[in-house]
Amino acid sequence: MSEIPKTDSLSLTDADVVDKSSQDDQSSDMLLSMESAKPTFLVVVLVCFASISGFMFGYDTGYISSALVSIGKDLGKDLTYGEEEFITAATSLGALITAIFAGSMADIFGRKPVLMFSNSLFIVGAIIQCAAHTVWTMIAGRFIMGFGVGVGSLIAPLYISELAPSKFRGRLVILNCLGITGGQLIAYGIGAGLAHVNNGWRVQVGLSIIPPAVQLAAFLFLPDTPRFLISKNKLEKAAKVIARTHRGATPESISYKIAETKTLNSSIPGDSVFSKTWNGIKEIHRVPSNFRALVIACGLQGIQQFTGFNSLMYFSSTIFKAIGFDNSTAVSIIVSGTNFVLTVVAFFIIDKVGRRRMLLVSLPVMMIALIVNAIAFHYVPLKFENDSVELTDQVSNWGYVIMVFMIIYVGAYAVGIGNVPWQQSELFPQSVRGVGASYATATNWSGSLVISSTFLTMLEHITPTGTFALFAALTAVSIVFCYLFYPELSNLALEETQQLLTGGFNIKESVALAKKRKHQKLSSTGSIDKPDLEYVDRVSNSNSV
Ligand SMILES: O[C@H]1[C@H](O)[C@@H](O)[C@H](O)[C@@H](O)[C@H]1O
């Protein structure tokens, strides 16, 4: 083995990097062991600070339902049903708008500055709401806060997946999802606690200023991702970050990693921000592997929303009140608590069980729970009047059936489709990762907006049975989609994923490759193959679906 120079004295040029990669076969062994080693302390710190964005996503979408109940006349008048809907939807709409641009901005300016920008939006939005004395000021505050939510919901998982060693990537991205579901749970909890406090909702909104302020301050001192730095040719900086984020990294394995990332991640041509963005958009449609990645990423985000979960998140208290359970706060906490606890389960199993298997088991469970609910609602006598829904008779056993199967549905959601789509960044090569993540995140927010703004109308016009049967049918279509198009990506390096999608969706091959990787990484002998890109090439050419 050649002599190992000190990491911090690394001075890399393009020629060095490529030369090293062709010379040193052993580096590839080291690279794989580096990708399997436990995350360093710095990675854990970075992921925790990045996951504050997930927390903000959850808290800001979660606090509004209880805030609306306690606002009373604080905005100058009693709120109409339409105004309440506007105040709620403003954040999702704001998020949808910025999600469209955030990815390109992240590719051009970096993940870190864009994340910090989202913090200022969270803070400004919250201050406006705290000071609001009219409905429109409140809507403006929620809208600006939504801009922050959209950017944060895209950047945090992207940042984490680029930093994480591949063996732990799934789990580390789920930490951000724990932030989301934990944020929703805490928002409901605080909402319940402040329900009867005068202007308690202002306290609830005011508290939301603390986490982004902490994140903003922390990121002043934290680095951008090596993959972004490499794309900007800042190789020395990238080498330093890789050395600090990968246990056991040596200058040789670092050089190899940089060489591999550079070779596989050609950057988007163009001399202005506009032309680069435009070329990125063209490339994501024209290059078949990118387009396949896009179909999968948007498909999964669409499935996450159109199988109906957020109708429960936002309206569980309305539904359960309607079927006779009066303690609506308790019910909301049960729903968000189940979502949170099962996200913890997802955290432990995602890299072991695999994303594809998790989806193919949990989606059918969701479908069955939705069918049972559709049937159960048929036997619950409900009446719709003046934007409200009421039980016309005593609560029956069917009410309990609905309650139990809703919880089963939420649990199955959290262990699969609630979290897997946020692994979206792993599908795209560096050059179009931001644009791809934008499309997928925008699909998520569009779905969330559609479901939350049509759910009550659907209940009234196609009945609860019709609504849940529709969600069940959409879940059935989703199962077929995942079976045909979603390859197993657990344990693969980001660069391998990109090659895997060349020439087809390669489902069978992906499952075999993920198994092989898992086996290699579990191997206690420490003898690990070099990254098997030739293997991926071969299977891509022999094509499947
Ligand atoms: O992954 C999250 C999570 O499942 C939340 O509970 C849900 O409200 C969001 O829409 C979703 O994107």
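When a ligand or atom number is given, it counts from 1 through the structure's own listing order.
Rounding to the nearest 0.5 angstrom, the gap separating the OG1 atom in T465 from the CD1 atom in I375 is 9.0 Å.
Between the side chain of E488 and the backbone N or O of R356 there is at least one donor-acceptor pair closer than 3.5 Å.
Taking the six-membered ring where tryptophan is involved, the planes of F468 and F455 are perpendicular, since the angle between them exceeds 60° and thus also 30°. Ring planes of Y59 and F55: parallel class, angle under 30° (limits at 30 and 60°). F309 and Y413 have parallel rings, their planes meeting at less than 30° on a 0 to 90° scale where 60° marks the start of perpendicular.
The protein non-hydrogen atom at the shortest distance from atom 5 (C) of ligand 1 is Q184 OE1, 3.5 Å. Here the protein heavy atom with the shortest distance to atom 2 (C) of ligand 1 is W422 NE1, 3.7 Å. Regarding atom 11 (C) of ligand 1, its nearest protein heavy-atom neighbour is Q304 OE1, 3.3 Å. The shortest contact between atom 10 (O) of ligand 1 and any protein heavy atom is with N310 ND2, 2.7 Å.
For N419, no nitrogen or oxygen atom sits less than 3.5 Å from a nitrogen or oxygen atom of ligand 1, counting backbone and side chain alike.
Residue N444 approaches ligand 1 through these ligand atoms, each under 4.0 Å from one of its heavy atoms: 12 (O). Near G418, meaning under 4.0 Å from one of its heavy atoms, ligand 1 places the atoms 1 (O), 2 (C), 4 (O). For ligand 1, the atoms lying closer than 4.0 Å to a non-hydrogen atom of Y413 are 3 (C), 4 (O), 7 (C), 11 (C).
For F347 against R171, the heavy-atom pair with the smallest separation is O-CG, 2.8 Å.
Contact between Q301 and ligand 1 is absent, with no heavy atom of the residue lying under 4.0 Å from the ligand.
Only the side chain of N339 comes within 4.0 Å of ligand 1, counting heavy atoms alone; its backbone N, CA, C and O stay farther away. Neither the backbone nor the side chain of W445 comes within 4.0 Å of ligand 1, counting heavy atoms alone.
For the residue pair T91 and R142, a side-chain donor N or O sits within less than 3.5 Å of a side-chain acceptor on the partner. Q305 and S446 share no donor-acceptor pair across their side chains, judged by distance under 3.5 Å alone.
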